[in-house]
Structure formats: structure tokens, C-alpha cells
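Here's the structure, in C-alpha cells; my notes come after.
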Amino acid sequence: TISGPIVLVGHSYGGAVITNAAVGVPNVKALVYIAAFAPDKGESLLQLVTMNPGTLIGPPTLDTRPYPLANGGTGTDLYLKKSAFHEAFAADLPLKVTDQMQATQRPFANEAFVSLSGEPAWRTIPSWYLVATQDNAIPPVTQRFMAQRAHATVVEVRASHVAMMSQPEATTRLIVDA
């Protein structure tokens, strides 16, 4: 419903969302990835997060909870455990903040983690990428790989996975540049 030019910004899983949602939308003029997944066609987030060592998010750091699906089946939600949240997700933020973030986190559906991505919008839409060099969720080497593959304009910041919180000025500059 937006008639003018659109810049889509995605953090973490949000990168996979913008990668797929922007395909065929002519008024999307830029994609901005903030420590985000930028999958290619046929890739899952699980493949990307495990392609290089460094992630602290995995079975030992996750709590799983079943939930009912509309078709009568069962899905699985993933939550980052309190014991791992600060170091894995937001090590450069105060514990008081990360404790609240952990307690109020939204679940991540396992299905979203293992589903295969479609044709990526970054093939046809200019992209920008903020690499968080201290990220313990998506390894920085993987972020650089995805950014290079997307021919993105890259900015690196010394930040955890939530670079938009610990480095808001750099994040804002990248979005404005896009």
C-alpha cells in the first residue's frame, strides 16, 4: 500500500523475510541487512548458521516448546535459554537489559529455521549489510559471506547480534545511506 520507494530493513531472521518478501515488488529500492540472514534459493537458516564455527545458538542453548498447528499437527517454538542469552545474543549490552530481553523474547518457529528460501531479492535489488564483528549468533565470517554474495555495501561494527541497540548511530547511517 506504500506508493513511494521502500527501503526494507531486516535483523537476524528478518533478513530472510526481506530477502523473500521483496521479490517482484518494484517500489522496493534497497535491502538493508543488520547482522541478518541473506539466504540464497534453496538454503535454510540452519545451513547458514552452521556453515562456519562461532554460533552459540544450538540445541544446548535452546528451550523447545510444542504448539498446535491449524492442520492438527504440532510445531516447535525455540527460545534462547536465560543461561546463554547474554553471551549468545547481546554480550555488549548490560545484563539488566538482556535479562529483560530474554524474559520477553518472542519464540522462533523451528520450521522457519529449517525451511528452504526462495529466489532472493538481493539478486536484483541493491543491498547494504551491517556486519556485527562480535556476533555470537550468526558468525561474522558467515555474515561477510552473505554480504559479499549479495554484492552488498558493507559496514562492519564491533557489536553483538543486536548491533542496532549497541551501535544505533552506525545502523541508522547505513539505513540512511541505503
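The basis for the numbers below is simple: all heavy atoms, side chains too, and nothing from hydrogens, waters or symmetry mates. Remember, it's a predicted structure, so these values are computed and weren't measured experimentally.
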On a heavy-atom basis, the closest approach of Thr55 and Ala137 is OG1-O, 2.5 Å
Compare all side-chain heavy atoms of Ile18 with those of Trp122 and state whether any distance is below 4.5 angstrom.
no
One should read off an interatomic distance between Glu43 CD and Met146 CE, to the nearest 0.5 angstrom, of 8.5 Å
* Asked: Are side-chain heavy atoms of Pro126 and Lys29 found at a separation under 4.5 Å?
  -> no
(message) Is it the case that over 12 heavy atoms from other parts of the model lie below 6.0 angstrom from the CZ atom of Arg158?
(response) no
| said: Please check: side-chain N/O of Thr61 versus main-chain N/O of Leu56, any donor-acceptor pairing under 3.5 Å? | reply: yes
Taken to the nearest 0.5 Å, the spacing of Met101 CE from Met165 CE works out to 4.5 Å
d(Leu31 CG, Trp128 CH2) to nearest 0.5 Å is 8.5 Å
- Joint hydrophobic cluster, Ile2 plus Val28, side-chain heavy atoms closer than 4.5 Å: yes
Q | Side-chain donor-acceptor pair present, Ser117, Asn20, cut-off under 3.5 Å | A | yes
**Message:** Main chain of Leu80, side chain of Gln102: is a donor-acceptor contact present, judged purely on distance under 3.5 Å?
**Reply:** yes
Across all chains, not counting sequence neighbours, the ring-ring contact (aromatic ring centres under 6.0 Å, His included) partners of Phe108 are Tyr13, Phe113
inquiry  = I'd like to know if the side chain of Ser127 reaches the main chain of Ile125, judged simply by a donor and an acceptor atom lying under 3.5 Å from each other, with no hydrogens or angles considered.
reply    = yes
Scanning both residues in full, the closest heavy-atom pair of Ala16 with Pro39 reads CA-CD, 3.9 Å
Taken to the nearest 0.5 Å, the spacing of Tyr79 OH from Asp63 CG works out to 9.5 Å
Consider only side-chain heavy atoms of I, L, V, M, F, W and Y, link residues closer than 4.5 Å, and tell whether Val17 and Val114 are in one cluster. yes
Residues Asp135 and Pro140: closest non-hydrogen pair is O-CD, 3.5 Å
Between His161 (side chain only) and Ala132 (backbone N and O only), is there a donor and an acceptor less than 3.5 Å apart? no
Q: Check the hydrophobic clustering (I, L, V, M, F, W, Y; side-chain heavy atoms under 4.5 Å; chains of links allowed) and say if Val25 and Val23 are grouped together.
A: no
Between Leu45 and Met51, is there a shared hydrophobic cluster once you connect ILVMFWY residues whose side-chain heavy atoms come closer than 4.5 Å?
yes
So OH of Tyr33 and CG of Leu130: to nearest 0.5 Å the spacing works out to 14.0 Å
Kindly determine whether Asp92 and Ser166 satisfy side-chain hydrogen bond (donor to acceptor under 3.5 Å, both in side chains), including the steps that lead there. CA-CA 7 Å; Asp92 55 351; Ser166 62; 2.6 Å; yes
Shortest non-hydrogen pair, Leu69 vs Gly75, comes out as CG-N, 3.6 Å
Heavy-atom nearest pair, Ala22 first then Leu8, reads CB-CD1, 3.7 Å
Taking atom NZ of Lys81 as the centre, does the number of heavy atoms from other residues, nucleotides or ligands within less than 6.0 Å exceed 12? yes
From the list Leu93, Val97, Ile34, side-chain contact (heavy atoms from CB on, under 4.5 Å) partner of Val162 resolves to Leu93
All heavy atoms of Pro66 vs all of Thr74, minimum pair found to be CB-CG2, 3.6 Å
Inset, instruction - Determine whether Leu46 and Leu48 fall in the same hydrophobic cluster, where Ile, Leu, Val, Met, Phe, Trp and Tyr are linked whenever their side-chain heavy atoms lie under 4.5 Å apart. - result: yes
Side chain Thr142, main chain Ile138, donor-acceptor under 3.5 Å
no
(Q) Would you say that Gln105 contacts Phe85 through its side chain, given a criterion of any heavy-atom pair below 4.5 Å between the two side chains? (A) yes
Test item: Ser44 side-chain N/O and Leu116 main-chain N/O as donor-acceptor pair under 3.5 Å: no
Give the intermediate values and the outcome of side chain to side chain contact (heavy atoms under 4.5 Å, CB included) for residues Asp99 and Lys82. CA-CA 7 Å; Asp99 284 350; Lys82 182 174 176 48; 3.1 Å; yes
Between Tyr129 and the options Gln148, Gln143, Arg144, the side-chain contact (heavy atoms from CB on, under 4.5 Å) test singles out Gln143
One should read off an interatomic distance between Glu87 CD and Asn136 CG, to the nearest 0.5 angstrom, of 6.0 Å
Practice task
Ignoring hydrogens and angles, tell me if any N or O in the side chain of Asp77 forms a donor-acceptor pair with the backbone of Tyr67 under 3.5 Å.
Solution key: no
